[in-house]
Amino acid sequence: MSTIANPETTPPAAGPAATRDAVDVVARGRRRRGRRRNVVVAVLAALLVATFAVTLMVGQTFYGPGEVTSVILGEQVSGASFTVGRLRLPRATLGVLTGLCFGLGGVTFQTMLRNQLASPDIIGISSGASAAAACAIVFWSLSGAQVSMVAIVAALGVALLIYALSVRGGAAGTRLILVGIGLAAMLDSITAYVLSRAAEWDLQEALRWLTGSLNGARWADVLPVLVALVVLGPLLLARGRGLTMMQLGDDAAAALGVRVERTRLLVIVAAVCLIAFATAAAGPIAFVAFLSGPIAARLVGPGFSLLFPAALVGAVLVLVADFTGQFAFGLRYPVGVVTGVLGAPYLIYLIVRSNRAGGTL
C-alpha cells in the first residue's frame with residue numbers, strides 16, 4: 001500500500017536555495033572571525049608600540065615623548081642621548097625581537113604537534129642551549145659572541161636529536177614531547193653539575209645568562225636576532241596555512257596538498273633557529289614560548305593561523321615582564337624570573353586539567 005506524503009509535515013528537499021543559505025552562513029561566520037582576528041592583531045600591535053614607548057620614557061629619570069623621539073632620530077639631547085640611546089633603546093629593542101622569536105617559535109611547535117606542552121622550553125631545546133652555554137663559560141672560558149654561537153649550535157643539535165629519536169614511523173607528537181622532556185631533564189642535570197664546579201666569577205656570569213635577562217643589552221646583541229627574524233620569520237609565516245592543516249592530522253593534511261614531512265622539517269629548523277638566536281642574545285627567558293600560543297588562541301579564536309598574533313603576544317610579554325621586574329618591586333629582577341613566575345602556574349594547571357580529563361600529553 002503506497003503512502004502519500006503530507007506536504008504539511010514533510011520537510012522540503014534541500015535545494016539550491018538551501019545550499020546558498022548554508023554557504024552564506026559559513027561565509028558570514030568566517031568574515032566575523034576574520035574581523036575579530038584583525039582587531040586582535042591591531043590591538044596587540046598598538047599595545048606593543050605603547051609598551052615600547054613607556055619603557056623608553058620611564059625609569060629613574062623620566063623623558064618626554066619629544067626627547068625620546070629626538071634621540072631615536074639621532075639628535076643630541078642632554079642626558080637622554082646616553083640613558084635612552086645607549087641603555088633603554090637597545091634593551092627595549094632586544095626585548096621586542098626576542099619576544100617575537102620566542103612567540104613565533106613556540107606556537108610553531110605547538111601548532112605542528114597539536115599540543116600546548118610542545119614548547120621549546122618544555123621539550124629541551126632551551127635546556128640544550130643553556131647547558132652548552134654553561135659549559136662554554138665555566139670549562140672553556142668563553143664569553144660574548146663565542147658563548148652565543150655555542151648555544152645556537154647546541155640548540156640545533158638537540159632539536160635534531162629529538163627529531164631523530166622520535167621520527168620512527170612518523171614523528172608522533174606525544175613521542176616527540178616525551179623524548180624532549182627526557183632530554184631536558186638530562187641537560188638540566190648537566191647544567192647543575194657544571195654550575196657546582198664553577199668558580200665564583202664564572203658562576204655569576206653563568207647564572208645571569210641562564211636566568212634570562214636583558215641587562216647590559218647592546219646593539220651587537222640586537223643585530224643577529226634581527227637578521228634571524230627577518231630571514232626566518234617570513235618563511236614560517238608563509239607556512240602558516242600548511243601548519244594549520246597539519247592540526248587535522250598528517251593524512252588529512254597530505255590529502256589537502258601539504259607536503260607533511262618536508263613542511264615539518266622546514267618549520268622545525270626555522271623555529272629552532274629563531275629560539276636559538278633569541279636564547280643566545282638574552283638567555284632562555286622562561287615560558288614566553290610556552291604562553292604566547294595559548295594566549296593568542298584565546299584572543300583570536302579558531303580558524304586562523306596563530307603565528308603572527310603569538311609573535312606579538314611574545315613581544316608584549318617580554319617587554320611588560322622586563323619593565324615589571326625593573327620597577328614593580330623593591331629589588332630589580334631579571335625578565336626570566338618574572339616570566340617564570342607567570343608561566344609555572346599555567347603549566348601546572350595545564351597538566352592537572354589534562355589529567356582530570358583523562359587525557360595524555
Side-chain angles (χ1 to χ4, degrees), residues 45-103 133 137 142-149 151 200-230 277-286 288 311-312 314-339:
L47 182 60
L48 177 59
V49 172
T51 308
F52 185 81
V54 168
T55 59
L56 296 183
M57 292 187 293
V58 178
Q60 296 297 329
T61 303
F62 177 83
Y63 295 101
E67 294 172 300
V68 171
T69 302
S70 297
V71 172
I72 294 175
L73 294 177
E75 301 177 13
Q76 289 296 318
V77 180
S78 178
S81 291
F82 176 78
T83 305
V84 175
R86 297 284 298 275
L87 300 179
R88 297 180 188 174
L89 187 57
R91 183 184 188 121
T93 304
L94 184 61
V96 171
L97 294 177
T98 54
L100 292 172
C101 288
F102 283 126
I137 293 170
L142 301 181
S143 62
Q146 295 173 317
V147 176
S148 298
M149 287 305 301
E200 183 178 352
W201 51 87
D202 288 333
L203 181 62
Q204 183 177 359
E205 174 64 19
L207 287 176
R208 187 195 70 82
W209 200 96
L210 294 173
T211 302
S213 174
L214 299 176
N215 295 335
R218 304 165 300 165
W219 289 115
D221 302 319
V222 171
L223 184 58
V225 186
L226 177 62
V227 172
L229 188 61
V230 169
F277 274 91
T279 303
I285 302 178
V288 175
L312 293 176
V316 172
L317 279 177
V318 172
L319 282 186
V320 171
D322 185 53
F323 188 80
T324 302
Q326 289 186 79
F327 303 112
F329 310 103
L331 299 175
R332 294 197 171 193
Y333 295 98
V335 60
V337 172
V338 180
T339 57

Checking Thr324, Val96, Val335, Leu47 against Leu319 for side chain to side chain contact (heavy atoms under 4.5 Å, CB included), the one that qualifies is Val96
Only residue of Thr51, Leu100, Thr98 satisfying side chain to side chain contact (heavy atoms under 4.5 Å, CB included) with Val318 is Thr98
Quick one: are [X] and [Y] in side-chain contact, heavy atoms under 4.5 Å?
X	Y	answer
Arg88	Thr83	yes
Trp219	Val222	yes
Thr93	Phe52	yes

I need the minimum non-hydrogen distance between [X] and [Y], along with the two atoms involved.
X	Y	value
Ala286	Thr339	O-OG1, 2.7 Å
Ile285	Gly212	CG1-CA, 4.1 Å
Leu214	Gly95	CD1-CA, 3.7 Å
Phe102	Gly283	CZ-O, 3.8 Å
Leu48	Ala315	CD1-CB, 3.7 Å
Ala280	Ser148	O-OG, 3.1 Å

Could you give the distance from [atom1] ([X]) to [atom2] ([Y]), rounded to the nearest 0.5 Å?
X	Y	atom1	atom2	answer
Asp322	Arg332	CG	CZ	9.5 Å
Leu87	Asn215	CG	CG	11.0 Å
Met149	Phe277	CE	CZ	6.5 Å

side-chain contact (heavy atoms from CB on, under 4.5 Å) between Glu67 and Val84: does it pass, once the steps are laid out?
CA-CA 9 Å; Glu67 294 172 300; Val84 175; over 6 Å; no
Asp221 side chain to Arg218 main-chain N or O, any donor-acceptor pair under 3.5 Å?
yes
Within 6.0 Å of CE in Met57, more than 12 heavy atoms from elsewhere
yes
Could you check Tyr63 against Val71 for side-chain contact (heavy atoms from CB on, under 4.5 Å), going step by step and ending with a plain yes or no?
CA-CA 10 Å; Tyr63 295 101; Val71 172; over 6 Å; no
Thr211 and Tyr333: side-chain contact (heavy atoms from CB on, under 4.5 Å), yes or no, with the steps?
CA-CA 10 Å; Thr211 302; Tyr333 295 98; over 6 Å; no
Between Leu56 and Leu89, does the side-chain contact (heavy atoms from CB on, under 4.5 Å) criterion hold? Intermediate values first, please.
CA-CA 6 Å; Leu56 296 183; Leu89 187 57; 3.9 Å; yes
